[in-house]
Amino acid sequence: MPLARWLGLCALALMLLLRCSLSLASTQQDVSRIDRVEIDHVVSVRTEADVIGALEDARIEGKQVVIAGAGHSQGGHILYPNAVMLDMRGYDRVLNIDTEHKTITVQAGATWAQVQEAINPQRLAVAVMQSSNIFSVGGSISANIHGRHTQQGPIISTVRSMRIALANGQIVTASRDIHPELFSAAIGGFGTLGVILDATLQLVDDQMLIKTVTPVDFEGYAAHLRTNASALSLHYGRCSIAPGERFLEECFAIDYRPAGAQNLPQPLQQEAHVARDRLLFNWSRGSNIGKTLRWELQKGLLDKPGSTALISRNNAMRPPIRFLDYSSETDTDILQEYFVPLDEFPAFMRALKNVVQENEVNLLSVTLRYVHANTENLLPYATQNQVAVVLYINMDLNESALTHAEQWTRMLVDRALEHSGTYYLVYQRFPTIPQFQRAYPSAQALIDCKLNYDPGGVFNNLFYQHYLGRLTND
Ligand SMILES: Cc1cc2nc3c(=O)[nH]c(=O)nc-3n(C[C@H](O)[C@H](O)[C@H](O)COP(=O)(O)OP(=O)(O)OC[C@H]3O[C@@H](n4cnc5c(N)ncnc54)[C@H](O)[C@@H]3O)c2cc1C
């Protein structure tokens, strides 16, 4: 073949490969690095046509599809062996900001950081997102996330509508009025109903807030929320991880109240001192002195009891996070979260302390949130107003450490269930199937909806297969 023709064919093949935004078989993992899975290929989504084309190819080839946003879920939610992975991160445009009705329409791969950049100049702020801004809008909706907000429940309370690409390639709108059953199933449905293409979300006004820090014990924390939650814009709590008498018992309520000042918009703050904070955090992974030092610094500088500070809502909703990035062959950081009603919070915390101490769990932080009840979706965790207890843990990656983690996690899930609570589904697949069924009694409704919208089971992932797929097959 003449050289020019050969080069022409090569260029054409390259163009096709780039147009399809397709990369070949690879090993994929989520941020916890507990599961490693061989994926058939990854499609880097840039356009709606990429999604529809990938779904059509998957149907023809009999492949299953997993959907990945920023990849911060930790229980195989974006992984399935030999599946086609839709990487949504490049599908990230802000489509519309309606300043009159205070809404944003945004493609699902955009992160909250991108949303904040777009709306800060309009003096608008996200109504509900996680504590930090690194997550994708689609991944957040699919996990029905919540954050430091005290007035709204999980993110579903702020979703006006979504456009979803179904397994058969049809694109439908889902809202409280149109396909309401799909709306309730896809939010918190972990990518198993269809691909969320874009969503229209309710925003709120950006505001200047006054931050205050109050020392509390377990009973004091529940009482503090009962009295103050309705007046707060944002809130979180923090409990000591320093070993010794104060372990878990010394806590702080960190509140943000409207300050009324009008000097907005404020420039968005960027994370500083990442290397320093990473070093300090790393020290606390491996030593009690490191844990004590971190707690004392946090108390003395970051969340100093009695201190006050003025900050915009947008800046309060982008706290440091990059210092947590961690990579090691032998160990990993994981998150877990338990929800309990206010009345049960003190007893749950005492039970948590026992399990953590008896099992020598390497606890790196314990933070608290207040979650307003919302039962609109089919796997609701906020069935009543409750406290969310968030654990950040370091653990080894070997078989015996994983078995041990499974054991103490199941103890914690039992304690949460005994205290009329539940646990968060975005983390490891450690809880048992009966525990899942007890915590999420309406799971069958999600399975029924999934079978209706995706009868061929095109969308799948390790989490779904482990808990809901098994129930489907029973
Ligand atoms: C350090 C850290 C802090 C966290 N803090 C909080 C917190 O404050 N509050 C909280 O509620 N959670 C928190 N989480 C959990 C986090 O919110 C969830 O894991 C969330 O799903 C992450 O978003 P993501 O973009 O990384 O999603 P991914 O992990 O990429 O995906 C999560 C799920 O969404 C699906 N999905 C992704 N995109 C789409 C789409 N376009 N259409 C359909 N399905 C899709 C995936 O298939 C998967 O099932 C935290 C996690 C970490 C690691």
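Because the structure is predicted, anything quoted here is derived from the model rather than measured.
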Take atom CG in Leu297; do more than 12 heavy atoms of anything else shown fall under 6.0 Å from it?
yes
Could you give the distance from CZ (Phe430) to CG (Leu402), rounded to the nearest 0.5 Å?
5.5 Å
Smallest heavy-atom separation, Cys239 atom then Leu368 atom, equals SG-CD1, 3.9 Å
Taking Asp198 as the fixed residue, which of Arg93, Arg160, Arg163 is the one that meets the salt bridge (Lys or Arg N to Asp or Glu O under 4.0 Å) rule?
Arg163
What one should report as the nearest heavy-atom pair of Val371 and Ala388 is CG2-CB, 3.9 Å
Do Gln74 side-chain atoms and Asp30 backbone N/O form a donor-acceptor pair below 3.5 Å?
no
Distance to the ring centre below 6.0 angstrom and angle to the axis at most 45 degrees; does that hold for Arg278 and Phe323?
no
Could you go through Tyr338 and Thr422, starting from their C-alpha distance and side-chain angles, then the distance that decides it, and tell me whether this counts as side-chain contact (heavy atoms from CB on, under 4.5 Å)?
CA-CA 6 Å; Tyr338 301 91; Thr422 179; over 6 Å; no
Arg318 backbone acceptor or donor facing Asn133 side chain under 3.5 Å
no
Decide whether Thr292 and Arg294 meet the rule of one side-chain donor and one side-chain acceptor closer than 3.5 Å.
no
Are Lys450 and Ile447 packed together at the side-chain level, in the sense that at least one heavy-atom pair is separated by less than 4.5 angstrom?
no
Distance-only side-chain donor-acceptor flag, Trp295 / Glu250, under 3.5 Å:
yes
Quick check: closest heavy atoms across Ile164 and Ala174, and the distance to 0.1 Å?
CD1-CB, 4.1 Å
Measure from the side-chain N and O atoms of Asp454 to the backbone N and O of Phe459, and report whether any donor-acceptor pair falls under 3.5 Å.
yes
When you measure from the side chain of Asn460 to the backbone of Tyr80, do you find a donor-acceptor pair of N or O atoms at a distance under 3.5 Å?
no
Locate the shortest heavy-atom distance separating Ala185 from Cys449; write the atom from each residue and the value.
CB-SG, 3.6 Å
What I want to find out is whether Asp303 reaches Arg238 closely enough, with some N-O distance under 4.0 Å, to be called a salt bridge.
yes
Side chains of Ile78 and Ile67: closer than 4.5 Å at any heavy-atom pair?
no
To the nearest 0.5 Å, tell me how far Asn228 CG sits from Arg257 CZ.
5.0 Å
SB check Arg176 Glu376 (cutoff 4.0 Å):
yes
Among Tyr440, Tyr423, Tyr424, which one satisfies ring-ring contact (aromatic ring centres under 6.0 Å, His included) with Phe339?
Tyr424
Look at the rings of Phe190 and His77 and say which category their plane angle falls in: under 30° parallel, 30 to 60° tilted, over 60° perpendicular.
tilted
Asp35 vs Arg429, test: salt bridge (charged side-chain N to carboxylate O under 4.0 Å, His left out). Steps then yes/no.
CA-CA 10 Å; Asp35 295 299; Arg429 300 189 305 282; 3.0 Å; yes
Do you know the tightest heavy-atom contact between Pro380 and Ser442?
CD-OG, 3.8 Å
Would you check if the side chain of Ser328 reaches a backbone N or O of Thr330 as a donor-acceptor pair within less than 3.5 Å?
yes
Approximate separation, where rounding is to 0.5 Å, of Gln428 CD and Thr409 OG1:
6.0 Å
Would the number of heavy atoms belonging to other residues, nucleotides or ligands and lying under 6.0 Å from CZ of Arg226 be above 12?
yes
Are any of the side-chain heavy atoms of Lys102 and Gln122 separated by less than 4.5 Å?
no
Regarding Ser140 and Gln130, is there a side-chain donor-to-acceptor distance under 3.5 Å anywhere?
yes
Less than 6.0 angstrom separating the ring centers of His146 and Tyr381, yes or no?
yes
Quick check against the 3.5 Å criterion: does Asp98 have a side-chain atom that pairs as donor or acceptor with the backbone of Glu100?
yes
Mind checking the CG-CD spacing from Asp343 to Gln384? Nearest 0.5 Å is all I need.
9.0 Å
Could you tell me whether Lys353 sits above the aromatic face of Phe348, with NZ or CZ closer than 6.0 angstrom to the six-membered ring centre and within 45 degrees of the axis?
no
Using a 4.5 Å cut-off on heavy atoms from C-beta on, say whether the side chain of Thr212 contacts that of Asp255.
yes
Distance to the ring centre below 6.0 angstrom and angle to the axis at most 45 degrees; does that hold for Arg285 and Tyr326?
yes
Should Lys299 and Glu296 count as an ion pair when the cut-off is N to O under 4.0 Å?
yes
For Leu364 and Ser284, work out which heavy atoms get closest and say how close.
CD2-O, 3.5 Å
Going from CD on Glu337 to CG on Leu391, what distance comes out if it is rounded to the nearest 0.5 angstrom?
8.5 Å
Start with the C-alpha gap between Thr103 and Leu201, add the side-chain angles, then the distance that decides, and say whether side-chain contact (heavy atoms from CB on, under 4.5 Å) holds.
CA-CA 5 Å; Thr103 60; Leu201 305 173; over 6 Å; no
Could you check, using the six-membered ring where one of them is a Trp, whether His235 and Tyr221 have ring centers closer than 6.0 angstrom?
yes
Quick one: do the Asp448 and Gln444 side chains pair a donor with an acceptor below 3.5 Å?
yes
Can you list the steps and then say if Lys291 with Leu293 is a side-chain contact (heavy atoms from CB on, under 4.5 Å)?
CA-CA 5 Å; Lys291 288 185 178 64; Leu293 181 70; over 6 Å; no
Residue pair Leu352, Val389: steps toward the side-chain contact (heavy atoms from CB on, under 4.5 Å) verdict
CA-CA 10 Å; Leu352 169 72; Val389 181; 4.0 Å; yes
Within-4.5 Å side-chain heavy-atom neighbours: Leu324 and Asp333:
no
Between Asp87 and Arg89, is there a donor-acceptor pair closer than 3.5 Å when you use the side chain of the first and the backbone of the second?
yes
Can you tell me if Thr200 and Thr105 form a side-chain donor-acceptor pair at under 3.5 Å?
yes
Quick check: does any side chain N or O of Asn314 sit under 3.5 Å from a backbone N or O of Gln116, one acting as donor and the other as acceptor?
no
If only side-chain N and O atoms count, and only distance matters, is there a donor-acceptor pair under 3.5 Å linking Tyr453 with Glu181?
yes
Does the Ser287 side chain pair with the main chain of Gly290, one donor and one acceptor, at a distance under 3.5 Å?
yes
So, Ser240 side chain and Ala242 main chain: donor-acceptor pair closer than 3.5 Å or not?
yes
When rounded to the nearest 0.5 angstrom, what is the spacing between CZ in Phe247 and CG in Asn288?
9.5 Å
If you define the side chain from C-beta out and look only at heavy atoms, does anything of Phe135 sit under 4.5 Å from Ile145?
no
Taking the side chain as every heavy atom from C-beta outward, state whether Val106 and Val115 have any atom pair closer than 4.5 Å.
yes
Does the side chain of Ile141 come within less than 4.5 Å of Met162's, by heavy atoms?
yes
Between Gln435 and Asp414, does any side-chain donor sit less than 3.5 Å from a side-chain acceptor?
yes
Tell me, please, which residues at least two apart from Arg33 pass salt bridge (Lys or Arg N to Asp or Glu O under 4.0 Å).
none
